[in-house]
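Throughout, numbering of the chain's residues begins at 1 and tracks the sequence. We use all heavy atoms of the structure for the numbers below, so side chains are in, but hydrogens, waters and symmetry mates are not.
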Amino acid sequence: MQTIGLDISAMPDAAQRLSPGTPSLPLALLTYYQCAGNSAINTAYNQLLSPEDIYQEQGYLIFMHENQGVVDWGIRLQDLEQANPIVWQRNNDEQAWYAEDYQLSSFLMANWYWAEFGEEKPEEFFRL
């Protein structure tokens, strides 16, 4: 049986791999990978990138692609030290970034919920 969590201790730190001196990945993202990083739901609709595939672009650490490639989601590099930063969305046609209404932990759970049930809920629904 395949475990759905990733072994964080064996995972190279994506932020350090991309740019030495960059802070570690936010705790919310590390925790999600550890709990559900291998779950099929992460690629059932939108594509959560594996830690090895996370990359930097335009001052953001990009961790997820929309299923049709219209938008990407990332975290501002300057916010990586935060445990649960705001998620930003890039419209790939305009190359413009917009703040989401979700912190990272709520955003990840909202995507899980959307892929499972096909409906949206406000961030408050996902707060612990």
Side-chain angles (χ1 to χ4, degrees):
M1 182 166 111
Q2 181 184 14
T3 177
I4 64 167
L6 295 174
D7 180 2
I8 298 300
S9 65
M11 181 189 336
D13 190 324
Q16 288 291 321
R17 174 183 53 81
L18 294 168
S19 178
T22 300
S24 181
L25 295 176
L27 181 60
L29 188 56
L30 287 173
T31 302
Y32 183 84
Y33 280 130
Q34 188 174 25
C35 294
N38 280 325
S39 175
I41 202 125
N42 294 326
T43 56
Y45 191 68
N46 296 324
Q47 308 295 308
L48 177 69
L49 301 178
S50 68
E52 300 83 30
D53 295 331
I54 289 175
Y55 61 98
Q56 289 184 33
E57 212 170 81
Q58 298 176 317
Y60 293 82
L61 190 75
I62 297 175
F63 67 90
M64 183 179 279
H65 298 303
E66 189 259 344
N67 70 330
Q68 296 176 339
V70 176
V71 301
D72 292 323
W73 288 280
I75 303 160
R76 293 186 311 183
L77 295 179
Q78 67 196 47
D79 296 340
L80 287 178
E81 291 184 27
Q82 296 177 22
N84 196 20
I86 295 291
V87 173
W88 291 73
Q89 178 190 106
R90 175 178 64 188
N91 178 306
N92 290 326
D93 290 336
E94 302 168 9
Q95 295 294 305
W97 287 91
Y98 305 93
E100 286 280 359
D101 291 332
Y102 293 92
Q103 288 183 282
L104 183 55
S105 62
S106 298
F107 177 82
L108 292 167
M109 294 314 301
N111 273 278
W112 182 290
Y113 193 87
W114 173 258
E116 186 69 28
F117 301 108
E119 61 183 72
E120 293 183 39
K121 297 279 186 187
E123 183 190 21
E124 294 78 30
F125 182 83
F126 301 102
R127 285 193 190 143
L128 300 175

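Checked by atom type and distance alone, the side chain of Glu116 never pairs as donor or acceptor with a backbone atom of Trp112 at under 3.5 Å. Under a 3.5 Å cut-off, the side chain of Asn38 and the backbone N or O of Leu6 do not form any donor-acceptor pair. For the pair Gln103 (side chain) and Ser106 (backbone), a donor-acceptor distance under 3.5 Å is absent. Of the possible donor and acceptor atoms, one in the side chain of Asn111 sits under 3.5 Å from a partner among the backbone N and O of Phe107.
When all heavy atoms of Ile41 and Ala115 are compared, the pair lying nearest together is CG1-CB, 3.6 Å. When all heavy atoms of Glu57 and Ile62 are compared, the closest pair comes out as CB-CD1, 3.8 Å. Of all the heavy atoms in Val87 and Trp73, the pair that sits closest is CG1-CD1, 3.8 Å. Contact detail for Tyr60 and Arg76: the closest heavy-atom pair is CE2-CG, 3.1 Å.
Using a 4.5 Å cut-off on side-chain heavy atoms (C-beta onward), Val70 and Asn92 make no contact. Leu48 has its side chain within reach of Tyr33: a pair of non-hydrogen atoms, C-beta onward, lies under 4.5 Å apart. Side-chain atoms of Val71 and Gln68, non-hydrogen and from C-beta on, never get closer than 4.5 Å to each other. Tyr102 places none of its side-chain heavy atoms less than 4.5 Å from the side chain of Leu108. Residues Ile54 and Leu29 form a side-chain contact, since some pair of their non-hydrogen atoms from C-beta on lies under 4.5 Å apart. Annotation: side chain of Asn91 is not in contact with side chain of Trp97 (no heavy-atom distance under 4.5 Å). The closest side-chain heavy-atom distance from Asn84 to Pro26 is not below 4.5 Å. With a 4.5 Å cut-off on side-chain heavy atoms, Glu119 and Tyr113 count as touching.
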Requested in this report: Could you please spell out the steps behind the side chain to side chain donor-acceptor pair (under 3.5 Å) verdict for Ser39 and Asn42?
Outcome: CA-CA 6 Å; Ser39 175; Asn42 294 326; 4.9 Å; no

Query raised in the report: For Leu77 and Gln56, what are the C-alpha separation, side-chain angles and deciding distance, and is it a side-chain contact (heavy atoms from CB on, under 4.5 Å)?
Result: CA-CA 8 Å; Leu77 295 179; Gln56 289 184 33; 3.2 Å; yes

Report task. Could you walk me through whether Glu120 and Trp114 pass side-chain contact (heavy atoms from CB on, under 4.5 Å), step by step? Result -> CA-CA 6 Å; Glu120 293 183 39; Trp114 173 258; 3.9 Å; yes

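Rounded to the nearest 0.5 Å, atoms CG (Leu27) and CD (Gln34) are 9.5 Å apart. Between the CG atom of Asp72 and the CZ atom of Arg90 there is a distance of 4.5 Å, given to the nearest 0.5 Å. In this structure, Thr43 OG1 and Met64 CE are separated by 10.0 Å, a value rounded to the nearest 0.5 Å. The CG atom of Leu25 sits 7.0 Å away from the CG atom of Leu80 when rounded to the nearest 0.5 Å.
Hydrophobic clustering (side-chain heavy atoms under 4.5 Å, transitive across Ile, Leu, Val, Met, Phe, Trp, Tyr) keeps Tyr45 apart from Phe117.
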